Trainee: 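Before I ask anything, let me first share the structure, which is written out below as structure tokens.
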Amino acid sequence: MVFSSILFLFRFFPIAFLLYYLVPKKLKNLTLLILSLFFYGWGEVRYLPIMFASMIIDYCCGQGIKRLGKTPGKKRLFLILSVVLNLGLLFFFKYTNFFVDLLNGLGASIPELNITLPLGISFYTFQTMSYTIDVYRGKVEAEDNFITFGAFVVLFPQLIAGPIVTYRSIASELKERRITREGLEDGIRYLIMGLASKVLIANNVGALWSEVSAFESISTPLAWIGALAYSLQIYFDFSGYSLMAIGMGKMMGFTFPKNFDFPYISKSVTEFWRRWHMTLGSWFRDYLYIPLGGNRVSPGRQYFNLFVVWFCTGFWHGANWNFIIWGLYFLVLLILEKRFYLQKLEQSRVISHVYLILVVMASWVIFALTDFSDMGNYFVTLFAFRGGNDWIYYLRNYGVVLLLGIFFATPLIKIWYERILSRHPVLKTVLLSAIFFVSVAYLVDATYNPFLYSRF
Amino acid sequence: MKKKHDQKMFPLTAVVVMGFIFVFSLADALYPDKERSELENRTLAQSPTFTVDRLVSGKYTLDYEEYINDQFLGRDFWIDVKAKSEELLLKVENNDVIYGKSGRLYGKYLNVPDAQLQKNVDHLLRFFSSYDGEKTLGIIPNAYALMKDDLPLGLNQVDQQAGIQSIYQAVEEDNIDCTLLDIYGTFSKVSDPGTLYYRTDHHWTIDGAVTFLEEYCRQKGLTMPDLSPYERVEVQGFYGTYFSKSKNTSVKPDVLSYYDIPLSEVVIGGEEKDSWLDASALETRDKYGAFLYGNQGLSILKAENADPENPSRLLVIKDSYSNSLAPLLTLLYDEVYLVDLRSMPTGFQELLSTTQFDDVLFLYNYKNFASDTNFYRLSY
């Protein structure tokens with residue numbers, strides 16, 4: 001089930017929240033566990049066993065580490081077991097066919113497996129791994145209550161598309177949380193703005209991109225409009241989902257971490273990655289980069305560590321070469337910035353923004369086009385001028401939506417909210433209700449409502 | 001301080017929006033399901049039956065989701081809200097329907113399904129080369145191809161003139177003895193090609209069908225029949241398929257016209273009918289569906305004064321464009337057989353071997369020709 005659907009908003013959501021609010025405190029986690037399992041099972045009943053396996057593995061590993069904490073060797077064994085099993089699940093379901101193709105390319109003839117990616121597996125394997133690793137490190141206590149732990153693993157708001165919530169960050173709230181009026185009011189606002197980001201902006205500009213990328217030949221201006229559209233689509237789609245998750249979390253008394261902080265206003269790629277998909281970045285930092293030695297190692301080793309992190313970041317986004325290249329593209333830029341021009345970028349007021357936007361738009365072209373000849377052609381069109389009047393139509397038809405997207409991608413919207421709306425509750429309610437209302441209309445008559453994370 | 005603020009604050013948005021969700025969900029769940037949508041001109045998804053197999057395969061939940069969407073309370077209203085919002089965003093299209101400058105609606109057609117088109121050309125060639133009798137091919141362009149100036153600037157729709165030409169060329173290159181009707185050329189010579197098509201529907205008007213008939217007669221060496229003895233009936237308030245898709249509320253309805261041509265016998269889908277016109281469909285929004293009762297497999301129309309001994313016969317292999325043309329053809333042939341492959345899985349070859357035809361007319365709209373998946377039925 002995805003959040004941006006009538007089924008979710010007008011069936012699952014009211015039932016889930018009504019139940020959740022009505023049951024006594026003691027039963028809230030159990031309710032949440034059952035609701036989340038239903039939410040997950042709705043799309044893929046077949047994959048429920050994987051979810052249970054994931055819960056049981058990490059619960060047992062956590063307990064193992066806790067009980068055998070005095071013998072470092074055994075403690076380590078449970079950590080390794082958890083990491084191997086979690087990554088094993090992820091590898092089997094997500095990467096098997098990638099490696100089969102790779103081997104077949106080298107002369108083998110292995111038949112491809114017919115597997116579909118279980119929804120959200122890239123997110124929840126990372127979340128559960130964070131639990132075992134933190135228990136091992138002694139940063140958090142192992143959870144004894146299986147229901148509480150299960151509720152964490154399958155917690156429906158953040159299950160399928162992030163933010164990546166570490167166990168550590170919500171451990172206390174899993175046991176004791178309060179539903180406040182402010183939480184409710186902020187939560188519903190986040191939920192509505194997230195829904196609108198996805199339905200009103202991302203789907204709208206996404207339709208532009210899907211048309212443009214299907215053409216055999218387009219003009220250079222249209223290629224840029226297409227790249228802009230996709231840049232906005234992926235941002236609003238992704239951050240919209242995160243906002244909805246954070247909002248629903250708030251409405252239940254959870255505080256999920258922020259996932260996007262206006263990334264497109266960054267002045268450098270370095271800054272961009274501090275603002276884009278923040279929970280993934282910090283996950284890789286805490287659970288991969290730092291364990292590898294981080295930057296407290298020789299320069300050569302540090303480059304290697306960075307390479308591993310960015311290779312994995314790219315590969316995490318999809319089992320395809322273009323994602324790996326996408327990750328390494330950022331690695332190169334980050335190293336270049338660090339060695340040569342990061343300071344200059346930070347001092348510049350205009351050029352740095354232009355640089356960042358261009359570099360990021362190009363990255364999304366790599367990200368979006370899995371076929372290398374398509375990608376090559378697209379880049380040729382972007383940089384070797386090709387005329388035509390096709391862009392006139394797309395600019396005319398999508399101009400307003402693109403401008404709205406650009407506006408909402410800047411903190412102007414936040415400033416505007418804080419200065420005006422937050423002081424006029426009635427006006428705020430009217431506006432948010434209207435936005436919700438229009439979003440519902442777009443869901444009812446949805447022509448283009450893709451779920452971008454099906455390959456994540 | 002903080003606490004005091006918290007106590008005073010009333011979560012207005014949460015109460016309003018969640019209240020709306022709760023109440024509306026309940027009302028939606030209790031409201032009885034509808035069979036079909038008049039506005040969208042289609043049947044709506046019904047509650048799916050539950051089986052464990054369908055659940056495991058994921059089919060049940062998918063169908064259920066579609067069911068909830070289709071039956072959502074006030075669906076027409078929501079659709080209207082979306083169409084209006086798109087207009088506010090200054091868009092000139094909705095749901096793949098383009099708004100022309102003159103207020104006409106056009107289908108958005110940016111890419112030809114090349115593989116299917118090639119398959120269909122192959123099926124056609126195979127059929128034509130295996131059939132020895134008289135043959136005629138006509139590919140009808142869509143309205144936009146003749147109304148380029150009315151399209152928004154920079155919209156690069158499929159070039160149907162070139163597309164039709166390449167199909168004709170394939171027939172010529174195969175040395176097939178077949179009359180190729182230049183419908184595109186004929187239509188483009190009409191002073192206002194807009195009169196040949198509906199504004200809110202993808203079909204041609206009766207004037208389009210008549211103009212086609214003139215070209216057919218010219219190329220076949222037949223005399224164009226005189227239509228003046230027949231009453232031209234006009235039905236007001238026709239909202240066609242483009243309207244149903246775009247729900248553009250500012251568009252004016254079309255007038256649906258037809259000639260009241262008497263027939264001696266009408267058999268549609270194996271059933272004998274009083275008329276080729278389904279009068280009840282004229283009361284609904286999709287009035288074009290009245291012609292030949294929609295898309296039935298085999299329809300047979302017999303002219304009023306048909307020669308019972310030695311009737312002349314025409315076979316039309318067709319899509320829905322021919323539904324309005326069919327009665328006009330009885331002015332040229334005693335018996336007109338119409339085959340719609342979409343509704344006729346088998347029996348085509350049998351019909352061909354048991355019945356003698358004076359001409360076989362293969363008449364399709366270009367977009368339908370390129371995307372139809374039933375041409376293989378020509379061999380069955």
Side-chain angles (χ1 to χ4, degrees), chain A residues 1 5-7 9-11 13-15 17-18 42-46 180-185 187-189 191-192 200 204 211 214-216 218 222 251 388-401 404 425-426 428-430 432-433 436-438 440-447, chain B residues 5-7 9-18 20-26 28-29 40 52 55-58 60-62 64-65 67-69 72-75 77-86 88-96 108 110-111 151-156 245 247:
Chain A
M1 208 181 312
S5 66
I6 293 295
L7 180 71
L9 290 173
F10 290 92
R11 286 295 185 276
F13 180 86
I15 294 171
F17 274 80
L18 208 59
W42 180 263
E44 304 265 8
V45 182
R46 288 175 297 167
T180 63
R181 293 166 170 211
E182 275 182 331
L184 266 181
E185 188 68 358
I188 198 88
R189 172 163 60 94
L191 177 65
I192 293 170
L200 299 184
N204 231 319
E211 257 174 42
F215 283 132
E216 268 174 36
I218 51 174
L222 184 56
M251 295 169 77
N389 66 357
D390 50 6
W391 57 276
I392 299 174
Y393 178 76
Y394 287 94
L395 204 56
R396 186 205 153 143
N397 200 42
Y398 291 95
V400 179
V401 184
L404 281 176
V426 176
K428 182 184 83 171
T429 301
V430 169
L432 284 171
S433 308
F436 178 75
F437 202 71
V438 177
V440 172
Y442 272 75
L443 283 179
V444 173
D445 191 19
T447 25
Chain B
H5 179 75
D6 191 56
Q7 275 172 354
M9 180 226 181
F10 180 73
L12 185 64
T13 318
V15 169
V16 169
V17 174
M18 289 186 79
F20 171 75
I21 294 177
F22 286 135
V23 172
F24 203 85
S25 303
L26 194 66
D28 177 41
E40 296 168 83
V52 174
L55 179 70
V56 171
S57 71
Y60 176 77
T61 55
L62 266 177
Y64 193 82
E65 198 153 354
Y67 158 67
I68 292 293
N69 238 24
F72 194 55
L73 188 57
R75 185 175 163 84
F77 166 77
W78 295 108
I79 285 173
D80 201 37
V81 169
K82 186 215 168 190
K84 288 241 164 58
S85 315
E86 293 278 276
L88 274 179
L89 293 169
L90 302 181
K91 285 208 180 175
V92 286
E93 61 169 271
N94 187 24
N95 295 345
D96 287 338
K108 193 174 190 176
L110 301 176
N111 294 296
L151 290 176
L153 186 63
L155 178 72
N156 291 331
K245 272 204 221 162
K247 298 100 189 175

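From a predicted model like this one, the values you see are computed outputs, not experimental measurements. Naming: A, B, ... by sequence-line order, numbering from 1 per chain.
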Trainee: Highest number of heavy-atom pairs under 4.5 Å with chain B: which of A/Ser433, A/Ser5, A/Pro14?
Mentor: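 Looking at each of A/Ser433, A/Ser5, A/Pro14 in turn, A/Pro14 comes out on top.
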Trainee: Taking the side chain as every heavy atom from C-beta outward, state whether B/Lys247 and A/Asp445 have any pair of such atoms under 4.5 Å apart.
Mentor: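 Result yes, sub-4.5 Å side-chain heavy-atom pair found.
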Trainee: Are A/Asn204 and A/Tyr442 packed together at the side-chain level, in the sense that at least one heavy-atom pair is separated by less than 4.5 angstrom?
Mentor: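 They are in side-chain contact.
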Trainee: Tell me, for B/Ala29 versus chain A, whether the close heavy atoms (under 4.5 Å) come from the side chain, the backbone, both or neither.
Mentor: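 For B/Ala29, backbone and side chain are both near chain A.
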Trainee: Which answer fits A/Leu443, side chain, backbone, both or neither, if we ask what part of it has an atom under 4.5 Å from a heavy atom of chain B?
Mentor: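 For A/Leu443, the backbone is the part near chain B, not the side chain.
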Trainee: List in chain and number order the residues that pass ring pair (Phe, Tyr, Trp, His ring centres under 6.0 Å) with A/Trp42, two or more places apart in sequence or in another chain; answer none if no residue qualifies.
Mentor: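 So A/Trp42 forms a ring pair (Phe, Tyr, Trp, His ring centres under 6.0 Å) with A/Phe38, B/Tyr64.
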Trainee: Does any part of the side chain of A/Ile192, heavy atoms only, come nearer than 4.5 Å to the side chain of B/Val17, both counted from C-beta?
Mentor: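 The answer is yes, as the side chains (C-beta and beyond) meet within the 4.5 Å cut-off.
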Trainee: Would you check if B/Ile21 and A/Phe436 make a side-chain contact, meaning some heavy-atom pair closer than 4.5 Å?
Mentor: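 They are in side-chain contact.
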Trainee: Quick check: do B/Leu153 and A/Arg396 have side-chain heavy atoms less than 4.5 Å from each other?
Mentor: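 Contact flag for B/Leu153/A/Arg396 side chains = no.
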Trainee: So, do A/Lys428 and A/Glu185 sit near enough that their side-chain heavy atoms are less than 4.5 Å apart?
Mentor: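 Yes, close enough: below the 4.5 Å cut-off.
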Trainee: Checking A/Val426 against chain B: side chain, backbone, both or neither under 4.5 Å from a heavy atom?
Mentor: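 Interface part for A/Val426: both.
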Trainee: Using a cut-off of under 4.5 Å for heavy-atom pairs, which of A/Val400, A/Val45, A/Ile188, A/Asn397 has the most such pairs with chain B?
Mentor: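 Result: the option with the highest number of such pairs is A/Asn397.
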Trainee: Where does B/Tyr67 contact chain A at under 4.5 Å (heavy atoms): side chain, backbone, both or neither?
Mentor: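 Neither; nothing under 4.5 Å.
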Trainee: Tell me, side chain or backbone of A/Met251 under 4.5 Å from chain B's heavy atoms, or both, or neither?
Mentor: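 Only the side chain of A/Met251 comes within 4.5 Å of chain B.
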Trainee: Is it the side chain or the backbone of A/Tyr394 that comes within 4.5 Å of chain B heavy atoms, both, or neither?
Mentor: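 Side chain only.
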Trainee: Decide yes or no for A/Val440 and A/Phe10: does some side-chain heavy atom of the first lie under 4.5 Å from some side-chain heavy atom of the second?
Mentor: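 Yes, side chains in contact.
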Trainee: Among the options B/Phe24, B/Trp78, B/Phe22, pick out the one with the most heavy-atom pairs lying under 4.5 Å from chain A.
Mentor: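 Heavy-atom pairs under 4.5 Å are most numerous for B/Trp78.
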Trainee: If you tally heavy-atom pairs under 4.5 Å against chain A, which of B/Leu62, B/Asn95, B/Asp80, B/Val81 wins?
Mentor: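 So the answer, after comparing B/Leu62, B/Asn95, B/Asp80, B/Val81, is B/Asn95.
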Trainee: Against chain A, work out which of B/Ile79, B/Val16, B/Asn156, B/Val92 has the most heavy-atom pairs shorter than 4.5 Å and name it.
Mentor: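 That would be B/Val92.
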Trainee: Which atoms of A/Leu184 come close to chain B, meaning under 4.5 Å heavy atom to heavy atom: side chain ones, backbone ones, both, or neither?
Mentor: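 Contact with chain B is through both the backbone and side chain of A/Leu184.
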Trainee: Heavy-atom pairs under 4.5 Å with chain A - which of B/Pro152, B/Ala83, B/Ala14, B/Gly74 has more of them than the others?
Mentor: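 Going by pairs under 4.5 Å, I would pick B/Ala14.
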Trainee: What residues, two or more places apart in sequence or in another chain, satisfy salt bridge (charged side-chain N to carboxylate O under 4.0 Å, His left out) together with A/Glu211?
Mentor: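 In terms of salt bridge (charged side-chain N to carboxylate O under 4.0 Å, His left out), with neighbours along the sequence ignored, A/Glu211 is linked to B/Lys108.
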